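Report on the following structure.
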Amino acid sequence: MQWTLVIPLKPLARAKSRLSDTASDGLRPGLALAFAQDTVVAALACPAVKDVAVVTGDALAGRELGALGAHIVPDEPGGGLNAALAHAAAVVRSSRPESALAALNADLPALRPLELARVLDAAAEFPRAFLPDAAAIGTTLLAAAPGHELRPAFGEDSRARHRESGAEELCLDEVDSVRHDVDTGEDLRAALALGVGSRTAAAAARLLIAPHPDHNPS
């Protein structure tokens, strides 16, 4: 099964506010863009991925991610993450009704294409499925097979909400790069320990931070 990934990205000026203890207001937009760029590059290199659609209202992010090969869907609803994902899914399905869809976080800078392929291959066994984040509270990927709606429920406690919605929780080992999203400085250090893409590495170098010494990726 070949998948279309839908990646949401809020305006860069408002992105990654929880990184304020690690990065200044002037640096956070660049970090958020770097995370998204490395996520898109890895996703497009995944053998299970047909294409990537980024839904965003940010002009700079749209230009930069479009240059990497992503299709850009304007965030016309402007109603938050789940509204953006539902809109992008509808846009994709309007031209390809039988597409397999997966929503993927934009802040997975350590993403590895073959680990993403393992997750998507597992998700293909179910009508809807999701992968919890490394903290086991949120969600980094939500998949919907052909003929099934995405029904995103991202946000606080999204792991529980996606499970309650009937989506199958994927319990996979050795897919850390697909689970490690970055919201805090601690998250960023963990991602650096896994090994991030070149754009995030360059942006993190400007912060003069190092990988967490106690992180031991499996």
Side-chain angles (χ1 to χ4, degrees), residues 5-44 52-89 91 102-111 116 131-135 137-142 152-159 177-192 194 196-209:
L5 300 189
V6 178
I7 298 178
L9 182 63
K10 67 172 60 174
L12 297 175
R14 295 193 285 107
K16 297 301 156 195
S17 59
R18 290 172 60 193
L19 274 171
S20 59
D21 63 340
T22 303
S24 67
D25 292 349
L27 291 177
R28 287 199 301 276
L31 270 175
L33 178 57
F35 296 164
Q37 289 172 312
D38 286 335
T39 300
V40 166
V41 167
L44 287 170
V52 170
V54 174
V55 54
T56 185
D58 191 286
L60 172 61
R63 289 195 301 272
E64 294 294 329
L65 298 173
L68 295 175
H71 301 290
I72 306 302
V73 178
D75 184 8
E76 294 173 353
L81 175 58
N82 291 311
L85 284 171
H87 169 65
V91 169
L104 183 72
N105 287 11
D107 56 354
L108 296 166
L111 185 64
L116 176 59
L131 185 73
D133 64 10
I137 297 172
T139 302
T140 57
L141 181 143
L142 173 69
F154 287 87
E156 187 176 356
D157 297 326
S158 65
R159 178 191 182 192
S177 75
V178 197
R179 301 184 65 202
H180 271 280
D181 54 345
V182 176
D183 288 318
T184 66
E186 191 72 10
D187 294 338
L188 180 53
R189 290 177 177 86
L192 289 169
L194 284 173
V196 296
S198 61
R199 293 168 179 82
T200 300
R206 291 194 287 272
L207 301 178
L208 300 178
I209 65 173

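Just so it is clear, the structure is predicted and the values come from calculations on it, not from any experiment. Side-chain atoms are counted along with the backbone in the values below, which use heavy atoms only and exclude waters and symmetry mates.
Considering all non-hydrogen atoms of both residues, N82 and A153 come closest at OD1-N, 3.5 Å. Heavy atoms only, all atoms of each residue included: P152 and L142 are closest at CA-CD2, 3.5 Å. Nearest heavy atoms, L9 versus A36: CD2-CB, 4.0 Å.
Partners of P29 according to the side chain to side chain contact (heavy atoms under 4.5 Å, CB included) rule, which considers only residues two or more places apart in sequence or in another chain, are L12. With sequence neighbours left out, the salt bridge (Lys or Arg N to Asp or Glu O under 4.0 Å) criterion links D58 to no other residue. Scored by the side-chain hydrogen bond (donor to acceptor under 3.5 Å, both in side chains) test, S177 finds E115 as partners (sequence neighbours excluded). Residues passing the salt bridge (Lys or Arg N to Asp or Glu O under 4.0 Å) test with R18, sequence neighbours excluded: D183. Under the side chain to side chain contact (heavy atoms under 4.5 Å, CB included) criterion, A23 pairs with L27, R28, L31, L207, not counting sequence neighbours. Listed by chain and number, the residues in a side-chain hydrogen bond (donor to acceptor under 3.5 Å, both in side chains) with T184 are D187 (sequence neighbours excluded). Looking at residues two or more places apart in sequence or on another chain, you find a side chain to side chain contact (heavy atoms under 4.5 Å, CB included) between A42 and L111, P113. Every residue meeting the side chain to side chain contact (heavy atoms under 4.5 Å, CB included) condition with P77, not counting sequence neighbours, appears here in chain and number order: D75, A83, H87.
Within the structure, side chain to side chain donor-acceptor pair (under 3.5 Å) contacts touching residues 30-41 (residues at least two apart or in different chains) are D38-T200.
Distance check: L141 CG to D133 CG gives 12.0 Å after rounding to the nearest 0.5 Å.
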